[in-house]
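By convention in this document, chain letters (A, B, ...) are assigned in the order of the sequence lines, proteins followed by strands, and residues within each chain are numbered from 1.
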Amino acid sequence: MKERYIPEEIETKWQASWELSKIYKVTEDFNKKKYYLLEMFPYPSGKIHIGHVRNYTIGDVVARYKHMRGFNVLHPMGWDAFGMPAENAAIANRTHPARWTYSNIDAMRNQLKKMGFSYDWDREITTCRPEYYRWEQWLFLKMYENGMAYRKESYVNWCEPCQTVLANEQVEAGLCWRCSNPVRQKKLSQWFFKITDFAEDLLIHCDLLPGWPEKVVAMQKNWIGKSAGAEIRFRIENSTEDIVVFTTRQDTIFGATFMCLAPEHPLVQKLSKGTSFESAVNVFVERILMQDRSGKEMESYEKEGVFTGSWCINPMTGRRMPIYTANFALMGYGTGAVMSVPAHDQRDFDFARKYNLDIVVVVKPEGSDLDSFSMTEAYPGEGIMVNSGAFNGLRNTEALESIADYLEANNLGKRTVSFRLRDWGISRQRYWGTPIPMIHCDSCGVVPVPESDLPIILPEDADLQEGGQSPLPMLEYFKKTKCPKCGNSSARRETDTMDTFVESSWYFQRYCSPDYYEGMFDPAADNYWMPVDQYIGGVEHAILHLLYSRYFTRVLNVFRLVSYKEPFTHLLTQGMVCKETVLCPEHGFLFPEEATEGKDRKCKLCGNLIEIGRVEKMSKSKKNVVDPSTLLTKYGADTTRLFCLFASPPERSLEWSEQGVEGSFRFLNRIWRLAHAWMPYIKYVSTFDGEIDDLEPDLRGVYKKIHQTIFKVTTDIEDRFHFNTAISAVMELVNMLHGFQIEDWSIQKTSLFRQAIETVILLLSPVTPHISEEIWFELGNETSIYEASWPKHSESALIKDTLLVVVQINGKLRSKFIVTPDTEDEAIKEKALSDERIQKFISGKTVKKVVVVQKKLVNIVL
RNA sequence: GCCUGGGUGGCGGAAUAGGUAGACGCAAGGGACUUAAAAUCCCUCGGUCCUUAGUGGCUGUACGAGUUCGAUUCUCGUCCCAGGCACCA
């Protein structure tokens, strides 16, 4: 028998061979059907983690499978290389973000290569390279020219001691993550992409993405958040100005008793100016704007506000309504003004009770009463209109329409829709990102960099400061420039960089022609490869990354750079990788082996009972991380890949189990032994290529099992990516083969068994390419198994020559028997009724009814 | 609060145009081989009951109803878990 299965040997051997022969290199072949398989590219943090391994293994199986099915498969890999961690690491390790990033990329590329993924490495992309981001700058200019990129004042999280802008993730409970001082909101002029122009289009097309998980589609729809309602004008007393509100509840307008404006609303200053309320208003507005209004704390803020000193008139009732500015009114939604109906909105209700404002009920629940004095909470539900003049007695759902009609007819307002989606703020006061190609000139204002000056290269010799603020504004030679319009040499370059989500919004197009230097991508290549047929990645990107990518594709479509609107036809979001965590009340999180086994687990250090022992997402602080590189040395890539797929279906979370990995390793050993035990017999015969009837009867079962397995594995992969059940089907086949001795060989038997072994390794080759390749070559093949065709099942082998019929009495299983497929239902019924075991149950009783399900089941009802 | 998913043995998970619940694997127990161990191979494995140990009875897919000859699967209600959104007027 051949020596032991030593994964390290065969894996390094084949990886080197594949790399040398560039077997995974792909070119546009217009005669072949293309398949673009993409996995979300990683941030080069330094090490591949197990989540990457899972993600890329799933993708690799599909890529290899599709290739074997005859598709021309594009399967690229690259690096989402800009971002904050590089800056932090650079400060902590006294290095440079570029150096840190590039060396991480080298390390991670090596790790990926050890996993045996079928990437075309000639198409590798690194987003922090000028060859890449210059086209992003180019697109920015084009968007600016067309009004899709604009500048406006906006609030950012600002830490005064650190003199820096903080990302939302860097604000912890309202405090700076670095110095723990309070974070305040600071107004800065920033760049935005006008994604809201596409809100409707992005929403409509959500329903045209049948290849996406419903969950993700629902999340996208929610995020875009369309509401239908009306805009209504309220006249301000003693003023020529109006307040326009947006509401979805115009049916409740008769109950509107006061008005709330967002603190940033321009009318707030105007109305209070010069009145006795001015200072109180200013103090309030100043205080609210200091608060972090983006974090989770917001929900706990009590409703509060101050009177502006002005009144407006309810257009339906003529009632005078006091105008407040309130913390719960948001400038970013609707018009920034709310008509408050305390009886039917909880926030308005709380506010009214606090400031002793009138509450008027205008919708009553059907069949019961509602009283504004005794009610303890708002009634937001449906009901019958009251206190609403001509609309009394209508259902409020009808009034919604008739009041909208009335408002439109009398020119008081109009139907409209509102989205919760906001424009995409892309300015980052950060160093490690794509420079925004704009220039500020004292005489000309904001001037775009001429296209011929691109790329604006991010200087790589900047020193990062403790505290984290960007060094770009301090770099005179970068900042100081000539105005392209007037030539004034005191112009200043924009020193903000772009959000890293911009890079990841078009990288999939760049993969089609990564070295193209005349534009973002070669139109011919893009036309051939795009859209992505299958995209695979974590759910954590279900909203932002995917939405931004869909948006970018629309922008490119408007510019006629691409012909399609949706970049990803099918999407698979894989689940997290989890592992058991163990928490000791005294020692904190433990490695699982530091606790005893069994039910009442104890800490081995102190003997205390374990507080929590449950399965959670892997994280360093919880000491439940698995490092892929130790798995590779211990078991090899094939076992690691096999376990990732076998342990659970891809969209669910995967629970890591060391014993499960052992089990996968055992299975590969089993195949290895089986193949080598038979190798001397099967090596020199050709694969059986006859039909089932050509075989001796006792071999037909094996033939059938082979073809059933092909069918099962193919449909499991093709229809639903259920690799776990596909693998278990192969296990069943292997288990069956194990029962056979090959010594008493005949030509027919050995050629059939060669087919069996070939089938096993062909079906497994997308999952475990190295061991499959090794056995494939030992069988005498001279080209890679990757180039082999996916096996085809024989239809005739799937036809059953006997059928099992189960017999139930009142739905309970009582007996079963075997019939030939040509047996009539009537005969099956007779056989069931005369069955010995059935007779025991039915003798002496009346059979009320007999249900026969075609050649499958008989149910006798007593 | 709203929107998604999900709840099946000791564990990961199979099985849904309604038709044998628990495939495959892990763990556990027993046995074979061995001087011994590892490795390997074979058997048992949801619970429970039996003076007949069986191709046995009952029970069992979060809980409670319903539809049906028949429900893990469909409908309604309840509970629990995970994820997402959240002062969106």
Side-chain angles (χ1 to χ4, degrees), chain A residues 4 213-223 225-227 229 245-249 252 256 260 262 293 296 298-303 326-330 332-341 344-348 350-351 380 418-422 539-540 542-543 573 575-576 580 597 599 615 643 646-649 651-664 666-667 669-670 673 722 724-732 734-735 738 804-817 836-837 840 848-854 856-862:
Chain A
R4 253 171 1 106
E214 276 179 49
K215 175 191 182 176
V216 175
V217 171
M219 279 160 80
Q220 295 245 325
K221 281 187 185 170
N222 257 328
W223 189 260
K226 180 179 176 175
S227 321
V245 303
F246 171 78
T247 181
T248 55
R249 291 296 304 272
T252 63
C260 286
R293 300 221 292 167
K296 300 275 172 245
M298 233 162 106
E299 60 194 285
S300 60
Y301 293 159
E302 195 188 334
K303 315 277 165 286
N327 63 344
F328 65 87
L330 306 171
Y333 185 75
T335 61
V338 184
M339 70 167 206
S340 286
V341 185
H344 305 291
D345 180 282
Q346 193 56 41
R347 290 156 302 173
D348 298 344
D350 295 343
F351 196 87
S418 199
F419 293 93
R420 76 209 296 162
L421 181 69
R422 311 289 158 83
V539 237
E540 64 273 22
I543 298 177
T573 50
M576 298 181 301
E580 121 186 279
E597 306 270 320
K599 198 167 168 239
V615 176
F643 177 73
F646 181 60
S648 67
E651 66 277 6
R652 275 210 240 174
S653 69
L654 183 151
E655 189 188 327
W656 197 265
S657 139
E658 193 67 25
Q659 283 145 340
V661 180
E662 292 274 357
S664 296
R666 269 203 293 271
F667 174 60
N669 273 287
R670 204 166 147 88
R673 284 194 309 272
H722 276 206
N724 55 333
T725 49
I727 291 165
S728 67
V730 179
M731 286 175 168
E732 283 187 54
V734 171
N735 288 347
H738 240 271
L804 181 70
V805 176
V806 300
V807 187
Q808 299 179 332
I809 293 174
N810 291 337
K812 274 181 193 162
L813 178 71
R814 294 301 182 192
S815 182
K816 26 187 153 177
F817 53 80
E836 202 184 320
R837 280 183 296 274
K840 268 197 285 187
K848 283 193 195 137
K849 189 174 173 185
V850 180
V851 181
V852 181
V853 180
Q854 258 206 335
K856 202 174 187 179
L857 175 140
V858 178
N859 191 15
I860 299 162
V861 187
L862 294 180

If pairing requires Watson-Crick or G-U wobble contacts with both distances under 3.5 Å, which nucleotide is the partner of [N]?
{"N": "B:rA89", "value": "none"}
{"N": "B:rU20", "value": "none"}
{"N": "B:rG5", "value": "B:rC81"}
{"N": "B:rU72", "value": "none"}
{"N": "B:rG10", "value": "B:rC26"}
{"N": "B:rG54", "value": "B:rC50"}

Spacing of [X] atom [atom1] and [Y] atom [atom2] [to the nearest 0.5 Å]:
{"X": "A:Arg347", "Y": "A:Ser340", "atom1": "CZ", "atom2": "OG", "value": "8.5 Å"}
{"X": "A:Arg249", "Y": "A:Asp345", "atom1": "CZ", "atom2": "CG", "value": "9.0 Å"}
{"X": "A:Arg814", "Y": "A:Ile809", "atom1": "CZ", "atom2": "CD1", "value": "6.0 Å"}

Using whole Å, what does the distance between atom [atom2] of nucleotide [N] and atom [atom1] of [X] come to?
{"X": "A:Glu836", "N": "B:rG54", "atom1": "CD", "atom2": "P", "answer": "16 Å"}
{"X": "A:Phe643", "N": "B:rC24", "atom1": "CZ", "atom2": "C1'", "answer": "14 Å"}
{"X": "A:Ile809", "N": "B:rC69", "atom1": "CD1", "atom2": "C1'", "answer": "12 Å"}
{"X": "A:His344", "N": "B:rA89", "atom1": "NE2", "atom2": "C1'", "answer": "14 Å"}
{"X": "A:Ile727", "N": "B:rA23", "atom1": "CD1", "atom2": "P", "answer": "18 Å"}
{"X": "A:Arg347", "N": "B:rA89", "atom1": "CZ", "atom2": "P", "answer": "7 Å"}
{"X": "A:His738", "N": "B:rG25", "atom1": "NE2", "atom2": "P", "answer": "11 Å"}
{"X": "A:Phe328", "N": "B:rC88", "atom1": "CZ", "atom2": "P", "answer": "9 Å"}

Quiz prompt | Donor-acceptor side-chain pairing of A:Asn735 and A:Arg670 below 3.5 angstrom | solution =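 Side-chain D/A pair, A:Asn735 to A:Arg670: present.
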
Give a yes/no answer on whether the side chain of [X] brings an N or O atom under 4.0 Å of OP1 or OP2 in [N].
{"X": "A:Arg4", "N": "B:rA39", "answer": "no"}
{"X": "A:Arg666", "N": "B:rA27", "answer": "yes"}
{"X": "A:Arg814", "N": "B:rG57", "answer": "yes"}
{"X": "A:Arg670", "N": "B:rC41", "answer": "yes"}
{"X": "A:Lys812", "N": "B:rU59", "answer": "yes"}

Classify [X] by what it touches in the nucleic acid, base, sugar-phosphate, or nothing, heavy-atom distance under 4.0 Å.
{"X": "A:Gly334", "answer": "nothing"}
{"X": "A:Ser657", "answer": "nothing"}
{"X": "A:Lys856", "answer": "sugar-phosphate"}
{"X": "A:Ile543", "answer": "sugar-phosphate"}

Is any side-chain heavy atom of [X] less than 4.5 Å from a side-chain heavy atom of [Y]?
{"X": "A:Val851", "Y": "A:Gln808", "result": "no"}
{"X": "A:Thr573", "Y": "A:Lys215", "result": "no"}
{"X": "A:Val861", "Y": "A:Asn810", "result": "yes"}

Can you figure out which of [options] approaches the side chain of [X] most closely?
{"X": "A:Arg422", "options": "B:rC41, B:rG19, B:rC88", "value": "B:rC88"}
{"X": "A:Ser728", "options": "B:rA23, B:rG25, B:rU20", "value": "B:rA23"}
{"X": "A:Asn735", "options": "B:rC24, B:rU20, B:rC69", "value": "B:rC24"}
{"X": "A:Val851", "options": "B:rG19, B:rA14, B:rA89", "value": "B:rG19"}

Say we look at [N] and [M]: how far apart would their [atom1] atoms be, to the nearest angstrom?
{"N": "B:rG29", "M": "B:rG77", "atom1": "C1'", "result": "44 Å"}
{"N": "B:rU35", "M": "B:rC43", "atom1": "P", "result": "25 Å"}
{"N": "B:rA89", "M": "B:rG83", "atom1": "C1'", "result": "27 Å"}
{"N": "B:rC42", "M": "B:rC49", "atom1": "C1'", "result": "30 Å"}
{"N": "B:rC74", "M": "B:rU61", "atom1": "C1'", "result": "16 Å"}

Quiz item: Is any side-chain N or O of A:Gln808 under 3.5 Å from a base N or O of B:rG19, one able to act as donor and the other as acceptor?
Solution: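 Donor-acceptor pair under 3.5 Å: yes.
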
Exercise. Test for a donor-acceptor pair under 3.5 Å between the base of B:rC87 and the side chain of A:Lys303, counting only N and O atoms.
Key: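 Such a pair is found, so the answer is yes.
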
Self-check item: Ring centroid separation A:Phe328 to A:Phe351 under 6.0 Å
Solution: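 Centroid separation for A:Phe328 and A:Phe351: below 6.0 Å.
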
Quiz item: Can you give one letter per nucleotide of nucleotides 3-13 of chain B, going 5' to 3': B for a protein heavy atom under 4.0 Å from the base, S for sugar-phosphate only, - for none?
Solution: SSS------SS

Practice problem: Could you pick out which residue, A:Val861 or A:Gly660, lies toward the 5' side of RNA chain B when each is mapped onto its nearest nucleotide? | Solution: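 Nearest-nucleotide comparison on RNA chain B picks A:Gly660.
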
Practice problem: Based on the glycosidic angle (syn within 90° of 0, else anti), state the conformation of B:rG9. | Solution: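 In terms of base orientation relative to the sugar, B:rG9 is syn.
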
